Amino acid sequence: MKFVIIENDEICVFINKKVLLKANGHLEIDAFTKAQDALAYLAENQASSSRLPDVILLDINMPVMSGWDFLNAFSEIKHKLAKVPAIYVLSSTLWPPELERISSHPMISGFISKPFKVENALQLIEEVT
């Protein structure tokens, strides 16, 4: 199973990778600290289902390109992808309007509150397999 983490905080990326690997040491994980780099990666590998992730863990509050901006851009390319990944928002937001927006967005499969824990990773892996 392949994961992509899109998170601007490098410490969070490090922790999220460790949590995922503790839950399942056989995962492939790519991480991007800029959402636009993740989009470029997806576009470059659009024809290769083995290179595309099964799951994207997406932070919402990022500079330059937010998670919302990523989702808008992703909607433009997803029909070209050999495999469309499930997108889970991994965020510390507690703001009710944003939580409502997340829960009602058609491309978002779920919400995971930070800090990311092994229990969250195990549940997520079970959901997507």
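Any value given below was found using the heavy atoms of this structure, including those in side chains, with hydrogens, waters and symmetry copies removed. Quick caveat, the model's predicted, so the values are computed rather than measured. Position 1 is the first residue of the sequence; numbering continues from there.
Here the NZ-NZ distance, from Lys22 to Lys18, works out to 11.0 Å after rounding to the nearest 0.5 Å. Atom CD1 in Ile5 sits 11.5 Å away from atom OG1 in Thr33 (nearest 0.5 Å). Note that CG of Leu21 is 11.0 Å distant from CD of Glu28, once rounded to the nearest 0.5 Å. Expressed to the nearest 0.5 Å, how far OG1 of Thr93 lies from CD1 of Ile60 amounts to 8.5 Å. Interatomic distance, CG of Leu57 versus CZ of Phe116, reported as 5.0 Å (0.5 Å rounding). Residue Ser91 holds its OG atom at 9.5 Å from CE of Met62, rounded to the nearest 0.5 Å.
Taking the side chain as every heavy atom from C-beta outward, Val128 and Asp54 never approach each other to under 4.5 Å. Residues Leu42 and Pro53 form a side-chain contact, since some pair of their non-hydrogen atoms from C-beta on lies under 4.5 Å apart.
Counting heavy atoms of neighbouring residues, nucleotides and ligands inside a 6.0 Å radius, atom CD of Glu127 exceeds 12 of them. In the displayed structure, Lys2 atom NZ is contacted under 6.0 Å by more than 12 heavy atoms of other residues, nucleotides or ligands.
Results of the side-chain contact (heavy atoms from CB on, under 4.5 Å) test with Gln46 over Arg51, Lys80, Lys78, His79 single out Lys80 as the only residue that passes. With respect to Phe3, the side-chain contact (heavy atoms from CB on, under 4.5 Å) criterion is satisfied by exactly one of Ile125, Asp30, Asn24: Ile125. The side-chain contact (heavy atoms from CB on, under 4.5 Å) with Cys12 is formed by just one residue from the set Asp9, Ile15, Asn8; it is Asp9.
Partners of Ser103 according to the side-chain contact (heavy atoms from CB on, under 4.5 Å) rule, which considers only residues two or more places apart in sequence or in another chain, are Glu100.
Of all heavy-atom pairs spanning Ala35 and Ile6, the tightest one is CA-CG2, 3.8 Å. Here the closest non-hydrogen pair linking Leu39 and Ala73 is CD1-CB, 3.3 Å. When every heavy atom of Ser109 is checked against every heavy atom of Ala86, the shortest pair comes out as OG-CB, 3.6 Å.
In the hydrophobic clustering of this structure, Ile108 groups with Leu52; members are Ile, Leu, Val, Met, Phe, Trp, Tyr whose side-chain heavy atoms approach within less than 4.5 Å, directly or through other members. Leu58 and Leu94 are not part of a single hydrophobic cluster, where members link through side-chain heavy atoms under 4.5 Å apart. Linking ILVMFWY residues whenever their side-chain heavy atoms come closer than 4.5 Å, directly or via other members, places Met107 and Phe111 in the same cluster. Both Leu81 and Ile87 sit in one connected hydrophobic cluster of ILVMFWY residues. Membership requires side-chain heavy atoms under 4.5 Å apart, directly or through other members. In this structure, Ile102 is a member of the same hydrophobic cluster as Phe70, with clusters built from ILVMFWY side-chain heavy atoms closer than 4.5 Å.
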- Verify side chain to side chain contact (heavy atoms under 4.5 Å, CB included) between Val64 and Gln36, making sure each step is shown before the conclusion. CA-CA 9 Å; Val64 184; Gln36 57 272 33; 3.6 Å; yes
- Task: Assess whether side chain to side chain contact (heavy atoms under 4.5 Å, CB included) is satisfied between Lys114 and Leu90, documenting all intermediate values.
- Result: CA-CA 6 Å; Lys114 289 181 182 177; Leu90 180 57; 4.1 Å; yes
- Please lay out, stage by stage, how Leu71 and His105 fare under the test side chain to side chain contact (heavy atoms under 4.5 Å, CB included). CA-CA 10 Å; Leu71 288 167; His105 197 287; 4.1 Å; yes
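The stretch residues 9-51 participates, sequence neighbours left out, in these ring pair (Phe, Tyr, Trp, His ring centres under 6.0 Å) pairs: Phe32-Tyr41. Here side-chain hydrogen bond (donor to acceptor under 3.5 Å, both in side chains) pairs that include residues 58-68, with residues two or more places apart or in two chains, are Ser66-Asp69, Trp68-Glu98.
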